[in-house]
Amino acid sequence: MRRYLIKEEPCEPAESVFSIPYGDVLNPAQYEAVTTLQGPLLVIAGAGSGKTRTLTYRVARLVEEGVSPGSILLLTFTRKASMEMLRRAAALLDQRCEKVAGGTFHSFGNLILKRYAQKLGFEAGFNILDRADAEDVINLLRARLKFNLKERRFARKRTIANIYSKAVNKAIPIETLILEDYPHFAKDTPELLHLYEAYQTYKKKHSLMDYDDLLVGLKTLLEDHQDVRETLSQIYHYIMVDEYQDTNKIQADIVRLLAARHNNVMVVGDDSQSIYAFRGANFGNIMDFPKTFPGTKLIKLEENYRSTQPVLNLTNVIINRAQEKYTKVLFTRKKDGAPPALVMAEDEHAQSQFVAQRILELREEGVPLGEIAVLFRSSYHAFDLEIELNSRDIPFVKVGGFKFMETAHIKDLLAHMRILANPQDSVSWHRVLLLLESIGPKAADEIFQGVVRSGRGVGGLMTIEPKPRYAKAFERFRQALQGLETDRLPVAEVGASLVQYYQPVLERKFDDYPKRAKDLEHLVMIMERYDGLGAFLSDMALEPPSASIDDMLATDYDDEQLVLSTIHSAKGLEWHTVFVIWTLEGRFPAMYAVRSDEDMEEELRLMYVAATRAKENLYFSYPINIYDRGTAMVLSRPSRFIEGISEDILEPWSLVTDDGDEDLQW
């Protein structure tokens, strides 16, 4: 007789056998994510929904279930993040959790490639080039190939390194990347491709890898060597990935290959906070995860522990306007709170006055300055506000690196204005003269001395007989300054004229001149507030704006300082009160975003990230009647991302003067 075995359903261990009361300390969605251990799992973690807590408890749960810590791989975007999660897990359970394999994609790639380097034709002792080293190698090869000769304009080493790295991380051909992001170098594409091949050859010959090679090499190793793929997939039987919406194509491929034997992959992220396409992040990774891993279980974390319900009501409306998304509705137990406000200002300065005054009022109400942030799409949006904050003695820190007034292009323009205001300013004279081709320090000093001897101020340039080698450049400079020294001209008109003259110099000196041109354009807008050149230059010297347009790096800040930050730098942070300025159509979304649906969708997600930083108070503001020089359009509408939202959700505010008259009518 043939016997047929009836299998018993495996029983889940009773919660009582675990030392951590998971069901008591996690909400239902978090608990489901923590206790789902087999198969592919996608956790869509809404803003402020306890993503890190969920990952931490899942590490502890796996270890409590008897899984060997060495077979768990936790991949994050910073070493600090993974170490903090494992430290917390160890505090919850025991020291076994600290033995989990945790780190960044790059550090994991380095670890594996050191073990299998020879399979890729490298020595096991290969060295890693940091970014500065990589740029130096590129510069060396650039010189060897004679691409740095003075008679031709060629990209500098930093720009070239950016081009190569972006192409790798976006997984697109270099020539496509150049056309999309660096069209002004399109004519040099053949040379840049040739230099890239030389760079690759140099690294291989000298057993060197740069940061991007660590990812590319790991992917290649997993794809081309089945034995390695099988071994690693068997070792790392449980894979977890944090911030999955920020992964690029290569990183997603690495995760897929590592899970080849088991598909035990849990990725956590928020599609609504995918805002780093410019770094190579691929929004499609998180959206296509269920296709990549058939049978994926989807869990949404929607309970928010950060914001009040009125703030969440608005953020839900904003993100609901996205075309492609995992629909989720954030909710909280904090039901009470003020509705977010939309403030229309008659110009940029009125916007700055409103923000500064409201900050002072909040401070009087007991909200610390460190719990208040002003966020913006681009750093130059805060220039006027910085001046206003300085005038009111409100201390602030701007999240970012370079100080605006210390950037070369701003110093160049102001030097031209300083010699108009003070023809005896030798430092400024030397700076502007050295910008002219074929003029060195000796010639600059001779010209300056000649101008001083003439006693005619800038008009003394007419007495100078330029030498043939720089006669053409000198004549253009002389004509540009002619007539600008008069006090009758508005400051902004002087500035605009000098920006026009300086544009060819800007393009010659800087590879990222389109971004720097935006800085200069906004500086001219600030000039419109001033009646005299002297007052403008004094403010720029004594109370200057502090950062350039391209500042994206977060820094530590003092709790007693207001925080000014780009939205990109603010991701992952939170404040009691958040102001989002320049929510003006044409500025946010940025003009360039209209070129594609993907760019516009990312701009919308950027607005969502800004709004979800607020715990209790949220203000959007925008100036009207802003003339855009690039398009010759007047911008007056609020951003399409917040326009038309019900007044019950986004409350309109009008600005009123001391005498009770409304400056603006809604």
Side-chain angles (χ1 to χ4, degrees), residues 150-153 184 407-511 513-514 516-528 530-537 540-541 627-630 632:
K150 278 191 174 181
E151 54 266 25
R152 66 170 298 167
R153 171 78 167 85
H184 45 295
T407 54
H409 57 301
I410 298 298
K411 294 181 77 170
D412 287 348
L413 186 73
L414 293 181
H416 286 83
M417 302 185 83
R418 287 193 181 104
I419 64 175
L420 293 172
N422 176 17
Q424 306 297 317
D425 185 340
S426 63
V427 173
S428 294
W429 270 107
H430 280 80
R431 185 177 187 95
V432 300
L433 290 170
L434 289 173
L435 293 174
L436 306 183
E437 293 184 281
S438 300
I439 288 186
K442 183 178 178 182
D445 192 56
E446 290 173 353
I447 294 169
F448 169 65
Q449 296 299 337
V451 170
V452 172
R453 283 195 300 271
S454 74
R456 296 171 53 184
V458 174
L461 288 170
M462 303 303 296
T463 67
I464 304 297
E465 187 65 36
K467 294 181 179 178
R469 71 175 186 273
Y470 58 77
K472 184 177 179 181
F474 183 82
E475 184 58 31
R476 182 174 178 271
F477 169 67
R478 182 157 55 189
Q479 289 180 4
L481 267 63
Q482 200 168 13
L484 294 183
E485 69 272 22
T486 173
D487 289 336
R488 294 192 301 273
L489 288 177
V491 180
E493 186 176 325
V494 173
S497 180
L498 288 172
V499 167
Q500 185 177 10
Y501 157 74
Y502 181 69
Q503 184 67 25
V505 181
L506 186 76
E507 294 180 13
R508 187 179 76 245
K509 280 187 68 177
F510 306 105
D511 291 342
Y513 65 82
R516 293 177 187 255
K518 281 290 186 184
D519 280 354
L520 296 173
E521 179 183 330
H522 208 83
L523 186 63
V524 172
M525 286 181 59
I526 291 175
M527 294 177 192
E528 293 172 356
Y530 291 87
D531 295 328
L533 183 57
F536 168 72
L537 291 174
M540 291 302 100
Y627 179 71
D628 182 77
R629 298 174 188 275

- Task: Kindly indicate, with the supporting measurements, whether the criterion salt bridge (Lys or Arg N to Asp or Glu O under 4.0 Å) is fulfilled by Glu475 and Lys472.
- Result: CA-CA 5 Å; Glu475 184 58 31; Lys472 184 177 179 181; over 6 Å; no
- Query: At what distance, to the nearest 0.5 angstrom, does CG of Leu435 lie from NE2 of His430?
  - Reply: 12.5 Å
- Message: Restricting to non-hydrogen atoms, name the atom on Ala517 and the atom on Gln503 that form the minimum distance, rounded to 0.1 Å.
- Response: CB-OE1, 4.3 Å
- Message: side chain to side chain contact (heavy atoms under 4.5 Å, CB included), that's the test. Do Met417 and Val494 meet it? Break it down for me.
- Response: CA-CA 8 Å; Met417 302 185 83; Val494 173; 4.3 Å; yes
- Task: Report the distance from atom OG of Ser497 to atom CD of Gln482, rounding to the nearest 0.5 Å.
- Result: 11.5 Å
- State, to 0.1 Å, how close Pro466 and Ala471 come at their nearest heavy-atom pair, and which atoms those are. CB-CA, 4.0 Å
- Does the side chain of Leu436 come within less than 4.5 Å of Tyr470's, by heavy atoms? no
- Answer whether the closest heavy-atom distance between the side chains of Leu523 and Phe536 falls below 4.5 Å. yes
- Query: With distance as the sole test, does Arg469 use its side chain to make a donor-acceptor pair with the main-chain N or O of Ser438 at under 3.5 Å?
  - Reply: yes
- Task: Using a 4.5 Å cut-off on heavy atoms from C-beta on, say whether the side chain of Leu506 contacts that of Leu520.
- Result: yes
- For Ser428 and Ile419, work out which heavy atoms get closest and say how close. CB-CG2, 3.6 Å
- Message: Side chains of Glu507 and Arg516, heavy atoms from C-beta outward: is any pair under 4.5 Å?
- Response: no
- Note on the structure: In this structure, CG of Leu434 is separated from CZ of Arg431 (nearest 0.5 Å) by 9.5 Å
- Separation between CE of Met462 and CG of Leu481, rounded to the nearest 0.5 Å: 11.5 Å
- Message: Using a 6.0 Å cut-off, check whether atom CD of Gln500 has over 12 heavy atoms from anything other than its own residue.
- Response: no
- Item | Euclidean distance, Phe448 CZ relative to Trp429 CH2, rounded to 0.5 Å | 8.5 Å
- Would you mind reporting whether His184 and Tyr513 have side-chain heavy atoms less than 4.5 Å apart? yes
- Message: Suppose we screen for ring pair (Phe, Tyr, Trp, His ring centres under 6.0 Å). Which residues come up paired with Phe477, at least two apart in sequence or across chains?
- Response: none
- Message: Using ring centroids (six-membered ring only for Trp), state whether Tyr501 and His416 fall under 6.0 Å.
- Response: yes
- Item | Ser454 side chain to Val451 backbone, donor-acceptor under 3.5 Å | yes
- Do Leu498 and Leu420 have side-chain heavy atoms sitting under 4.5 Å apart? yes
- Task: Any pair with a residue in residues 440-460 that passes salt bridge (charged side-chain N to carboxylate O under 4.0 Å, His left out), sequence neighbours left out, goes on the list, sorted by first then second residue, please.
- Result: Glu446-Lys467
- Scanning both residues in full, the closest heavy-atom pair of Val491 with Tyr530 reads CG2-O, 3.8 Å
- Message: Applying side chain to side chain contact (heavy atoms under 4.5 Å, CB included) to Met527 and Glu493, what does each step give before you reach the verdict?
- Response: CA-CA 9 Å; Met527 294 177 192; Glu493 186 176 325; over 6 Å; no
- Item | Nearest-0.5 Å distance that lies between atom OH in Tyr502 and atom CZ in Arg508 | 9.0 Å
- Heavy-atom check, side chain of Lys509 versus side chain of Asp412, under 4.5 Å: yes
- Message: For a 4.5 angstrom cut-off between non-hydrogen side-chain atoms, does Lys411 reach Leu414?
- Response: no
- Looking only at non-hydrogen atoms, find the nearest pair between Gly450 and Thr463 and report the distance. O-OG1, 4.2 Å
